[in-house]
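Quick note on labels: first sequence line is chain A, next is B, and so on, each numbered from 1.
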There are 2 protein chains.
Amino acid sequence: MSTTHEDTEEQNLAYNVFARACVSRGTLEHVTGRWGGLTLGALHEGSMRFNELRRRVDGVSEKMLSQTLHALERDGLVHREAQPTNPPRVDYELTPLGREVAERLMTLIQFVEGRMDDVLAARERYDARRGAR
Amino acid sequence: MSTTHEDTEEQNLAYNVFARACVSRGTLEHVTGRWGGLTLGALHEGSMRFNELRRRVDGVSEKMLSQTLHALERDGLVHREAQPTNPPRVDYELTPLGREVAERLMTLIQFVEGRMDDVLAARERYDARRGAR
DNA sequence: CCGTATCCTTGCAGATACTG
DNA sequence: CAGTATCTGCAAGGATACGG
């Protein structure tokens, strides 16, 4: 290993996580996307059925919920348990991995949520400056 | 404060953070969005100029970078330092609040990044099942 | 060098209707 | 109940050109 450009590569790592070619990019988008986060949040409270989830997630359509659930299931964050009864009953729940991801996501969300007064204040300052100019 | 429906409200809090009407929703989208996370990541390494940032953030257009930077600045996560020299020089850096947000975002990203082998394995299992049916 | 303004394309998401 | 299929709009995003 060469040592001359080592720190350059380390620096690259931090933002390349988001680079287009990065493998984790897709999963991250499922998690942080419009409905992914919401779904993980709801499921973080416990196992839930499709329509139950649909009612809890404000504004999601059947299509989007279905799509989101499939993506999260494919990534191994959500487990789908279908009982072949009639009428059908399907339960969704977080996998252990999904729970860990959801927890870290919640940490971020709750931090931002807790600092919204700062954000709102910053916005007012920004808008005031903009308006003045 | 009433105590009868307290836990219901606590539960609501967890997913309502993502609800449409929620104030923090906008900021969260700036942070977790396509270019917001990337920009925060790059800036987490230190102060940077516009074109420097543009070169580092893989695939971003001038328009999107500009837009992203404005959104983050307005939310008080990024500070813009313009020197009225010629040619102009503008530096962007994280505010203390921005640094805290970036750190929590990084925690999430790096966790997912570190578990991508699990995710990839889950995907193969999922696709194999799908293909079989 | 640091952006904004404009046009134009594409892909995501909503609505609706239908199936097992 | 638990979804899939299709159509359509609209807005995010890319390319390009120009301004301070």
Subject >> Length of the CD-P vector between Glu29(B) and dA13(C), whole Å >> reply: 10 Å
Original post:
Considering only dG3(C), dG14(C), dC1(D), which nucleotide approaches the side chain of Val90(B) most closely?
Top reply: dG3(C)
**OP:** Look at the side-chain heavy atoms of Ile, Leu, Val, Met, Phe, Trp and Tyr, link any pair under 4.5 Å apart, and say whether Leu108(A) and Leu97(A) land in one connected group.
**Re:** yes
Original post:
Ignoring hydrogens and geometry, is there a side-chain-to-backbone donor-acceptor pair from Ser47(A) to Asp91(A) under 3.5 Å?
Top reply: no
Original post:
Could you state the CE-C1' distance from Met64(A) to dC10(D), rounded to the nearest angstrom?
Top reply: 14 Å
**OP:** Indicate yes or no for a side-chain donor-acceptor contact from Thr68(B) to the backbone of Met64(B) under 3.5 Å, with no hydrogens or angles considered.
**Re:** yes
Subject >> Nearest-neighbour nucleotide for the Phe50(A) side chain, dT4(D), dA2(D), dG14(D) considered >> reply: dA2(D)
**OP:** Give a yes/no on whether any side-chain N or O of Tyr92(A) is located under 4.0 angstrom from OP1 or OP2 of dC1(D).
**Re:** no
**OP:** Could you state the atom-to-atom distance from CG of Leu38(A) to C1' of dA13(C) in whole Å?
**Re:** 15 Å
Original post:
Heavy atoms under 4.0 Å, any strand shown: does Arg80(B) hit a base, just sugar-phosphate, or nothing?
Top reply: sugar-phosphate
Original post:
If you measure from the Lys or Arg side-chain nitrogens to the Asp or Glu carboxylate oxygens, is any gap between Arg99(A) and Glu103(A) under 4.0 Å?
Top reply: no
Subject >> Whole-Å gap separating C1' (dA2(D)) and CD (Gln67(A)) >> reply: 16 Å
Subject >> Minimum-distance nucleotide (side-chain atoms of Lys63(A) versus dT4(D), dG3(C), dA15(C)) >> reply: dA15(C)
Original post:
Are OP1 or OP2 of dT4(D) and a side-chain N or O of Ser66(A) less than 4.0 angstrom apart?
Top reply: yes
Subject >> Atom-pair distance (CG on Asn51(B); C1' on dG3(C)), nearest Å >> reply: 9 Å
**OP:** Using whole Å, report how far CZ of Arg54(A) lies from P of dA2(D).
**Re:** 12 Å
Original post:
Is Glu29(B) salt-bridged to Arg25(B), cutoff N-O under 4.0 Å?
Top reply: yes
**OP:** To the nearest Å, give me how far apart CG (Asp91(A)) and P (dA2(D)) are.
**Re:** 8 Å
Original post:
What is the distance, rounded to the nearest whole Å, between atom CD of Glu62(A) and atom P of dT19(C)?
Top reply: 15 Å
**OP:** Please determine if a side-chain N or O atom of Arg49(B) lies less than 4.0 Å away from the OP1 or OP2 oxygen of dC1(C).
**Re:** no
**OP:** Answer yes or no: does a side-chain N or O of His70(A) lie under 4.0 Å from OP1 or OP2 of dT4(D)?
**Re:** yes
Original post:
Given dA13(C), dA17(C), dG13(D), which nucleotide is nearest the side-chain atoms of Trp35(B)?
Top reply: dG13(D)
